[in-house]
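Note that the structure is predicted; figures quoted are calculated from it, not measured. The first residue in the sequence is number 1, and the count goes up from there.
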Amino acid sequence: MQPVAPPHHFEQLTMLRSRFTLLRPTPPGAIGAINAAVMLPLCWHQQQWCFLITRRSLTLRHHPGQLSFPGGRIDLGETAWQAAQRELF
C-alpha cells in the first residue's frame with residue numbers, strides 16, 4: 001500500500017520509515033511471553049502527517065479506554081504482519 005500525499009513528502013516518509021524496524025518476536029515457548037504485533041498507520045490529514053490511533057473499549061479487562069496503535073496477539077500460524085492487518089481492519 002503506497003501513501004497518498006504530495007510527491008515532495010516521500011523523502012520525509014522515507015526518513016521516518018528508516019527510524020522504525022521490525023522487531024523479531026520472542027522465541028516460542030519463552031516463559032510468560034505473548035507474541036503481539038501493532039501497526040503504525042501514517043495518514044496525511046490537513047496538510048500534515050498523523051498517526052492513526054484507536055481507543056480501547058471500556059469493557060476490556062486490560063487497559064480499558066486507553067489510546068493505542070491497532071494491533072494485538074499473534075494467533076497460531078499467523079505472521080506479525082497478518083496479525084497487525086487483522087486488528088487494523
Indicate every side-chain donor-acceptor pair of residues 63-70 with a distance under 3.5 Å to a residue at least two apart or in another chain.
residue	atom	partner	partner atom	Å
Ser68	OG	Thr54	OG1	3.2

Exercise. Do Met39 and Glu87 come within less than 4.5 Å of each other through their side chains, counting heavy atoms only?
Worked result: no

Exercise. Restricting to pairs with a member in residues 40-69, which pass salt bridge (Lys or Arg N to Asp or Glu O under 4.0 Å), not counting sequence neighbours?
Worked result: none

For this session: Only pairs at least two apart or in different chains count here, so list each salt bridge (Lys or Arg N to Asp or Glu O under 4.0 Å) that has a residue in residues 63-79.
Result: Asp75-Arg86, Glu78-Arg86

For this session: Examine Trp49 and Phe51 and state if one hydrophobic cluster contains both, with Ile, Leu, Val, Met, Phe, Trp and Tyr joined whenever side-chain heavy atoms are less than 4.5 Å apart.
Result: yes

For this session: Examine distances only and state if a side-chain atom of Gln82 and a backbone atom of Thr79 form a donor-acceptor pair shorter than 3.5 Å.
Result: yes

For this session: Nearest 0.5 Å please: distance from the CG atom of Leu52 over to the CG atom of Leu88.
Result: 7.0 Å

